[in-house]
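For reference, the structure is listed below as structure tokens.
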Amino acid sequence: MLITIDNVLTAEELAQGRQLLAEAQWASGLITAGPQAAVAKNNLQLPEGCPQLIALRQLVLGALNRNAMFFTAALPLKILPPFFNCYSGDTNHYGYHTDNAMRLLPDGSGYVRADVSATLFFSEPDEYEGGLLTIEDTFGAHGLKLKAGSMVVYPSSSIHQVAPVTSGQRLACFMFIQSMVRDPGQRRTLYDMDMALLDLREQYGETGPVVRLTGIYHNLLRRWADS
Ligand code: NI
């Protein structure tokens, strides 16, 4: 399941984020890559300890916390502190790879299981050539290049790549989320049901059947969710 969410960031947050990214010192993207990913990964990333990182992470996590669509799509239990990357010049691509299942927290205090990955775009599509994020799922490959401030949410188990950026600069934030619902099929069912309930509520209001179906949604969540 691949879900795009527009306007995750307000215009002010986007401008503030871009300002912080412009001031930051980038490092090699290999700092968070496992051995297999390291072969394919050739980009830049903000290193831990980078002075702008705390403010950037607060900005993104604040935006995620208020976003109902993100909540229903990911059902987040734990979010690894977001990372930021830059593709340009000679460091311009990340070939096909899968994300590591277990990610160590930056402070070393434990692991987050990556169930759901997300990419939040900070550059506008016309600011760079190439740089398509391609995600393979059971329905084939999907190439994405979203507006700045928009985000795509997809299963961490998918194979994906960022194609070479041939001109300009592509700035983005990438995230790993441990979901309350580990199984992607169960997560998908809950998402589809929640979206259908939203439509029903809009069309018919809180009728008896809508209330009962909402109860079923929550009963499924109770059966399937870990906390
Ligand atoms: Ni990845």
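In each ligand, atom 1 is the first atom listed, and ligand 1 is the first ligand listed.
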Near the Ni ion (ligand 1), which protein N/O/S atoms are found at less than 2.8 Å?
His97 NE2, Asp99 OD1, His160 NE2
Arg66: salt bridge (Lys or Arg N to Asp or Glu O under 4.0 Å) partners, not counting sequence neighbours:
Glu13
Listed partners of Glu206 passing salt bridge (Lys or Arg N to Asp or Glu O under 4.0 Å), at least two apart
Arg201
Walk me through whether Met151 and Leu146 qualify under side-chain contact (heavy atoms from CB on, under 4.5 Å).
CA-CA 7 Å; Met151 181 167 80; Leu146 301 183; 5.6 Å; no
Side chain to side chain donor-acceptor pair (under 3.5 Å) test vs Asp194 passes for just one of Thr189, Thr214, Thr72, namely Thr72
Identify all side-chain donor-acceptor contacts of residues 216-223 below 3.5 Å with residues at least two apart in sequence or on another chain.
unit_1	atom_1	unit_2	atom_2	d
Asn219	OD1	Arg222	NE	3.4
Asn219	OD1	Arg222	NH2	3.1
Asn219	ND2	Gly215	O	3.3

Do we see a donor-acceptor contact under 3.5 Å between the side chains of Asp6 and Ser150?
yes
